[in-house]
J.: 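One structure, as structure tokens, below. Some questions next.
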Amino acid sequence: MQAKSPIGVFDSGYGGLTVLKEIVKQLPEYDYIYMGDNARAPYGPRSFDTVYHYTLEAVQWFFAQGCELVILACNTASAKALRTIQQKDLPKLAPTKRVLGVIRPTTEMIGNYSKTGKVGVLGTAGTVQSESYPIEIAKFFPQVKVYQEACPMWVPLIENNEYDKPGADYFVQKHLDHLMGISAGIDTILLACTHYPLLINKIRSFVHPGITIISQGEIVAHSLVIYLEKHSELAGKISKNGQISFFTTDSITDFDSHASNFFGKPVRSQHLDLGIK
Ligand code: DGL
């Protein structure tokens with residue numbers, strides 16, 4: 001019988017931990033391996049090709065650990081690499097394994113939150129340029145209008161622990177003012193970057209209290225619950241000891257000191273060399 005293996009969860013750095021935290025709440029029985037490619041973060045400003053190659057390396061590493069299911073808990077990687085990996089690489093590398101992203105589950109739900117049919121999407125430059133959100137939302141909610149804003153300074157502010165400091169206010173307000181200036185009717189703002197939940201209190205302080213702000217973690221976790229119910233054969237290949245291991249491609253000391261801000265609990269990571277010369 002095939003040995004059972006953990007679910008792989010990937011991000012360019014720490015952001016995916018906000019998703020893993022919600023997944024573990026909803027599916028505590030499974031085992032997980034989290035990997036943050038901190039040495040090469042941020043992915044947001046990088047080209048399609050670079051993000052694709054980095055993400056494929058990560059996916060191959062998860063497969064080498066035995067993972068049957070890998071979640072790209074990163075919008076930038078989901079936007080720029082997921083489709084190519086699913087369509088081109090998986091059939092050759094591992095046709096029975098699955099790689100899922102965070103964009104599809106979010107776009108399936110987001111239109112339900114808006115009464116005005118006007119949704120603001122905040123993301124990295126890469127996610128916004130890919131147009132993945134407007135394209136995917138149009139499939140599920142053709143009547144919804146999507147307004148996007150790239151916030152290139154937000155991930156560096158978060159990764160450098162400045163997200164709750166007064167210095168962050170300028171960049172948070174600047175992008176929210178710009179987004180809300182495009183359409184006054186926006187009543188729902190999606191945080192389409194897994195790092196951004198750390199800024200949620202600041203974001204709330206700069207928008208009208210009637211605006212709904214959506215983080216993806218819970219949505220992605222709920223969608224994974226449904227996915228595993230539908231794919232019982234795959235679910236049966238996942239080990240169930242309630243254990244999580246953490247890997248980073250950069251310093252474990254830095255990772256362990258920042259990661260708990262995202263995961264909500266202390267984290268002890270191991271170092272990983274991932275094609276970094
Ligand atoms: N957390 C990633 C996302 O959801 C982006 C971070 C980065 O730019 O590396 O898009």
Side-chain angles (χ1 to χ4, degrees), residues 8-23 34-59 70-83 85 99-107 110 120-134 136 148-163 168 171-172 175 189-200 203 213-221 223 246-250 254-255 258-259 261-263 274 276:
V9 180
F10 174 68
D11 182 55
S12 61
Y14 302 104
L17 292 166
T18 64
V19 175
L20 179 62
K21 180 175 144 189
E22 298 301 328
I23 292 178
Y34 182 87
M35 195 258 279
D37 191 8
N38 298 76
R40 303 190 289 196
Y43 279 15
R46 296 191 189 275
S47 70
F48 268 81
D49 232 33
T50 303
V51 172
Y52 162 66
H53 284 293
Y54 287 178
T55 308
L56 181 60
E57 272 177 359
V59 166
V70 178
I71 315 283
L72 304 183
C74 173
N75 288 271
T76 312
S78 300
K80 292 185 157 184
L82 180 62
R83 182 155 307 180
I85 290 175
V99 181
L100 305 175
V102 289
I103 296 178
R104 169 80 188 247
T106 310
T107 55
I110 194 68
V121 171
L122 300 167
T124 65
T127 299
V128 167
Q129 281 156 14
S130 76
E131 294 281 322
S132 300
Y133 274 95
E136 293 297 316
Q148 300 195 93
E149 174 76 5
C151 312
M153 291 300 289
W154 287 15
V155 168
L157 283 169
I158 294 164
E159 295 241 328
N160 287 291
N161 254 347
E162 293 290 331
Y163 59 89
F171 288 105
V172 172
H175 291 297
I189 293 180
L190 170 66
L191 307 186
C193 171
T194 55
H195 281 67
Y196 295 176
L198 272 80
L199 283 173
I200 199 159
I203 294 170
I213 300 167
I214 307 288
S215 304
Q216 295 172 294
E218 267 181 56
I219 297 174
V220 172
S223 148
F246 298 90
F247 289 83
T248 174
T249 56
D250 208 346
D254 286 351
F255 190 86
H258 287 92
N261 296 334
F262 296 79
F263 192 56
L274 187 73
I276 296 161

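Quick note: residue numbers are just sequence positions, from 1. Indexing begins at 1, ligand by ligand and atom by atom, following the structure's order. These numbers were taken from a predicted model, which means no experiment stands behind them.
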J.: How about F246 and L17: do any of their side-chain heavy atoms sit closer than 4.5 Å?
T.: yes
J.: Taking the six-membered ring of F48, is NZ or CZ of K80 closer than 6.0 Å to its centre and within 45° of its axis?
T.: yes
J.: So if I count the atoms of ligand 1 from 1 in the order they appear, which ones are less than 4.0 Å from some heavy atom of D11?
T.: 1 (N), 2 (C)
J.: Evaluate G44 for polar contact with ligand 1, using N/O atom pairs at a separation under 3.5 Å.
T.: yes
J.: Looking at T124, which atoms of ligand 1 are within less than 4.0 Å of one of its heavy atoms?
T.: 5 (C), 8 (O), 10 (O)
J.: Would you check if the side chain of R46 reaches a backbone N or O of Y54 as a donor-acceptor pair within less than 3.5 Å?
T.: no
J.: Are T76 and S12 side-chain neighbours, meaning at least one heavy-atom pair lies under 4.5 Å?
T.: no
J.: State, to 0.1 Å, how close L274 and E57 come at their nearest heavy-atom pair, and which atoms those are.
T.: O-OE1, 3.6 Å
J.: How does S12 reach ligand 1, by side chain, by backbone, by both or by neither, if only non-hydrogen atoms under 4.0 Å count?
T.: side chain
J.: At what distance is the nearest protein heavy atom to atom 3 (C) of ligand 1, and which residue and atom is it?
T.: N75 N, 3.2 Å
J.: Tell me, do T124 and N75 make a side-chain contact under 4.5 Å, heavy atoms counted?
T.: no
J.: Give the atoms of ligand 1, by number and element, whose distance to some non-hydrogen atom of Y43 is under 4.0 Å.
T.: 7 (C), 8 (O), 9 (O)
J.: Heavy-atom distance to atom 5 (C) of ligand 1: which of T76, N38, V19, V51 wins?
T.: T76
J.: Is the shortest N/O to N/O distance between H195 and ligand 1 below 3.5 Å?
T.: yes
J.: Check whether the side chains of Y14 and N261 place a donor and an acceptor atom closer than 3.5 Å, and report yes or no.
T.: no
J.: Can C74 be said to touch ligand 1, with heavy atoms closer than 4.0 Å?
T.: yes
